[in-house]
2 protein chains.
Amino acid sequence: MKKISDSTINRLSKYFRTLERLKAKHIETISSDEIAEIDGVTSAQVRKDLSFFGTFGKRGLGYNIEDLKNIIGKILGLNKQWNVGIIGVGNIGMALIDYAEFKKRGFQIKLLLDSDENKIGKHVKNLEIKSFSEAITHLKKENIQIVVIAVPASAAQNVADVVTSAGIGAVLNFAPLNLKTPDGVMVKNENMSIELEALSYFLTNK
Amino acid sequence: MKKISDSTINRLSKYFRTLERLKAKHIETISSDEIAEIDGVTSAQVRKDLSFFGTFGKRGLGYNIEDLKNIIGKILGLNKQWNVGIIGVGNIGMALIDYAEFKKRGFQIKLLLDSDENKIGKHVKNLEIKSFSEAITHLKKENIQIVVIAVPASAAQNVADVVTSAGIGAVLNFAPLNLKTPDGVMVKNENMSIELEALSYFLTNK
DNA sequence: AATTGTGAACCTCTTCACAGCT
DNA sequence: AGCTGTGAAGAGGTTCACAATT
């Protein structure tokens, strides 16, 4: 499959949300121009992004909202259920367990791991926190496909090593460092402080 | 000031963390090649990023770690204290209050606002949750410079309207939609679900 | 008349490659 | 000899502009 840029994929996620909202308002069709306006991009960008995957619109008329939503959902794999494991049940891990957006999109949190003796055995939202020392067994048993790393920076590389050795191929990393992983493993980084620092830069240099 | 790309600014944040860690290990100098290796970029990229701001290295020798860390900190404005207000004390807002990385970088959370009657008046980490209906008064009183929006999508645009009308020029938005703000206001988006969806796309299409 | 789909033009960011310092 | 700093080349992403379609 042809390489599609990260930006295109991220924008598809945005369009998907927009279409979801419009569908809830019982609107039936929309133009690339309107999607663009709502999502803060250009209409050519919307059409180009979609064109990588097919031709979904009707010239002169625009796109059918429900159809386009389903198409983008399928492209992104949001028509499936994904089993997600969270490693590190601290502030961030805890917040994610309750994050409505995840479940809504088919991301089911099936496993919580921590290495803190005081947390292991406790329950959060009907899920028992298990020991990270048995990570590989649990990841396989729960058939986890995506791992969220929410441990301190000092522990993150080890966590990455363990989960990739268990065959995990997709990682969402909240630890503020660059993880080294084997080829074929996809790591996405989420670092809330980095965006704040970009704001700090902006305020400092504007 | 010449426009610097977001990617460059984000990478400077990464280099900064790397230098901070190296400094803690009492290493004194480093080459662009070594920074690149740690942060997963090319050495030319590191040198180019730095070159937008000045010449900080010594040919043949590399960079002094402490000096470079201070220089980047100054570029990013991390040598100052920033007053941050969090709007929406739900799961995410709550997690941010405790997020160590923030305080470490000079981001001081000074204000918590919510519009839920059951939360107003409660204390979280020595901070009282105030009513969003008095947002403007509180933002001014606490001299807030950066606002974090951690409310549901349906409420986010109104929150953005209120805080920008109070003169806030920097917003970190956790709500999964594109906010419309007046010119001169910088909005950075943080959407944990979008990165998960990129992983979903990868797993679906690899 | 309106709006898509897309090649071509454009622009921006990244990498190359090497002269210039230390 | 080793490594930086940077102009030039290259790659990749975005926007333009218009033919094609409804």
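Straight-line distance from the CG atom of A/Asp6 to the P atom of D/dA11: 19 Å, rounded to whole Å. To the nearest angstrom, P of D/dG5 lies 9 Å from CG of B/Leu68. The interatomic distance linking B/Lys58 (NZ) with D/dG5 (P) rounds to 10 Å, in whole Å. Per the geometry, CZ belonging to B/Phe52 stands 15 Å off C1' belonging to D/dT4, to the nearest Å. When the P atom of D/dC3 is taken as reference, atom CZ of B/Arg47 falls 11 Å away, rounded to whole Å. At whole-Å resolution of the value, CD in B/Gln45 and C1' in D/dT6 are 14 Å apart. Per the geometry, CG belonging to B/Asp67 stands 15 Å off P belonging to D/dT4, to the nearest Å.
Considering only side-chain N and O atoms, B/Tyr63 lies nowhere under 4.0 angstrom from the phosphate OP1 or OP2 of D/dG2.
The base of D/dT21 has none of its N or O atoms less than 3.5 Å from a complementary donor or acceptor on the side chain of A/Arg59.
Salt bridge B/Lys14/A/Glu197: absent, no basic N to carboxylate O contact under 4.0 Å. Using a 4.0 Å cut-off between charged side-chain N and carboxylate O, B/Arg11 and B/Asp39 make no salt bridge.
Applying a 4.0 Å cut-off to non-hydrogen atoms, the residues of residues 9-32 of chain A that approach DNA chain C are A/Ser31, A/Ser32, listed by residue number.
Between B/Val84 and B/Phe102, the closest side-chain pair of non-hydrogen atoms is not below 4.5 Å.
Residues A/Ser7 and A/Gly60 each lie close to DNA chain D; by heavy-atom proximity, the contact nearer the 5' end of the strand is made by A/Ser7. The residue among A/Ala44 and B/Gly62 whose nearest nucleotide of DNA chain D lies closer to the 5′ end is B/Gly62. Toward the 5' end of DNA chain C, the nearer of the two residues A/Lys48 and A/Leu61, judged by each one's closest nucleotide, is A/Leu61.
Listed for the A/Gln157 side chain is a donor-acceptor partner under 3.5 Å among the backbone atoms of A/Lys180. A/Asn91 places no side-chain N or O within donor-acceptor distance of the main-chain N or O of B/Tyr99, the cut-off being under 3.5 Å.
A donor atom on one side chain and an acceptor atom on the other are found under 3.5 Å apart for A/Arg17 and B/Ser193.
Protein chain B contacts DNA chain C from C/dC13 to C/dT22, reading 5' to 3' and using non-hydrogen atoms of the protein with a distance under 4.0 Å.
Within the structure, the side-chain hydrogen bond (donor to acceptor under 3.5 Å, both in side chains) test picks out the following pairs touching residues 164-177 of chain B (sequence neighbours left out): B/Asn173-B/Asn189.
The two residues A/Met186 and A/Lys188 come nearest to each other via the heavy atoms SD-CE, 3.7 Å.
The distance from the CD1 atom of A/Ile65 to the CD1 atom of A/Ile30 is 5.0 Å, given to the nearest 0.5 Å.
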